[in-house]
Amino acid sequence: QVQLVESGGGLVQAGGSLRLSCAASGGTIMNYAMGWFRQAPGKEREFVAAISSSGVSTINADSVKGRFTISRDNAKNTVYLQMNSLKPEDTAVYYCATRLKFSVVVTASLYDYWGQGTQVTVSS
């Protein structure tokens, strides 16, 4: 069973940057699509970005286009989310997830394994 651990969250001022990492263990993720989601207090979990198993295909939510970049290093069994030009509305717990298929999707229920999340707080 794949286990995912996120890291890299923290407190940052608006306009700043953070890089989240998601390390997988218990199996290789090189054949699986990966996604990042986030959940703010009182809100539903929302899609942020996803990447195919090869890394060739990516999808970003409209709210983060041009600011966030998802990438992966299959040799390190790790997925990243580079977040630039952060805004207070980006404040949330960020989760990574893996889908036991190679193609990207934006629907949370189609992902099979989830990490425990990392808190990102953007101050104004």
With a 4.5 Å cut-off on side-chain heavy-atom distances among I, L, V, M, F, W and Y, is there a chain of contacts connecting [X] to [Y]?
X	Y	value
Leu20	Val2	yes
Val64	Val93	no
Ile59	Ile70	no
Leu11	Leu86	no
Val106	Val104	yes

Whether [X] side chain and [Y] backbone form a donor-acceptor pair below 3.5 Å:
X	Y	result
Asn74	Val79	no
Glu6	Gly117	yes
Ser53	Tyr32	no
Asp73	Lys76	yes
Asn31	Leu100	no
Thr28	Met30	yes
Arg72	Ser52	yes
Asp112	Arg99	no

TODO: Verify side-chain contact (heavy atoms from CB on, under 4.5 Å) between Val120 and Val122, making sure each step is shown before the conclusion.
DONE: CA-CA 7 Å; Val120 172; Val122 184; 4.2 Å; yes
Task: Verdict with supporting geometry, Gln39 and Tyr94, side-chain contact (heavy atoms from CB on, under 4.5 Å) - done: CA-CA 7 Å; Gln39 187 166 18; Tyr94 283 70; over 6 Å; no
TODO: Scan side-chain atoms only and decide if Thr121 and Gln119 contain a donor-acceptor pair under the 3.5 Å cut-off.
DONE: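 Indeed, the side chains of Thr121 and Gln119 share at least one donor-acceptor pair under 3.5 Å.
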Open item on the list: Just by distance, no angles: are the side chains of Asn84 and Ser17 close enough, under 3.5 Å, to form a donor-acceptor pair?
Closed with: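 Per modelled atom types, Asn84 and Ser17 side chains form a pair under 3.5 Å.
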- [ ] Take Thr98 and Leu4, measure what side-chain contact (heavy atoms from CB on, under 4.5 Å) needs, and give me the verdict at the end.
- [x] CA-CA 8 Å; Thr98 185; Leu4 304 174; 4.1 Å; yes
Open item on the list: Could you tell me if Arg19 sits above the aromatic ring of Tyr80, with its cationic atom closer than 6.0 Å to the ring centre and no more than 45 degrees from the axis?
Closed with: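 Cation-pi check for Arg19 and Tyr80: passes.
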Task: Cation-pi check, Arg38 onto Tyr95 ring (under 6.0 Å, within 45° of axis) - done: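 So Arg38 doesn't make the cation-pi contact.
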Task: Shortest non-hydrogen contact between Val12 and Gly16, atoms and distance - done: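 Reported closest heavy-atom pair: CG2-CA, 3.8 Å.
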For the [atom1] atom of [X] and the [atom2] atom of [Y], what is their distance to the nearest 0.5 Å?
X	Y	atom1	atom2	value
Leu81	Thr118	CG	OG1	11.0 Å
Ser57	Ile51	OG	CD1	9.0 Å
Lys87	Ser124	NZ	OG	14.0 Å

Open item on the list: Could you tell me if the side chain of Arg45 sits less than 4.5 Å from the side chain of Trp114, heavy atoms only?
Closed with: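 Counting from C-beta outward, Trp114 and Arg45 do come under 4.5 Å.
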Open item on the list: Could you tell me if the side chain of Asp90 sits less than 4.5 Å from the side chain of Arg67, heavy atoms only?
Closed with: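 In contact.
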Open item on the list: Would you call the rings of Tyr111 and Phe37 parallel, tilted or perpendicular, taking 30° and 60° as the class edges?
Closed with: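 Perpendicular.
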Open item on the list: Quick one, Val48 with Phe68, criterion side-chain contact (heavy atoms from CB on, under 4.5 Å). Give me CA distance, side-chain angles, the key distance, then yes/no.
Closed with: CA-CA 9 Å; Val48 175; Phe68 291 11; 3.7 Å; yes
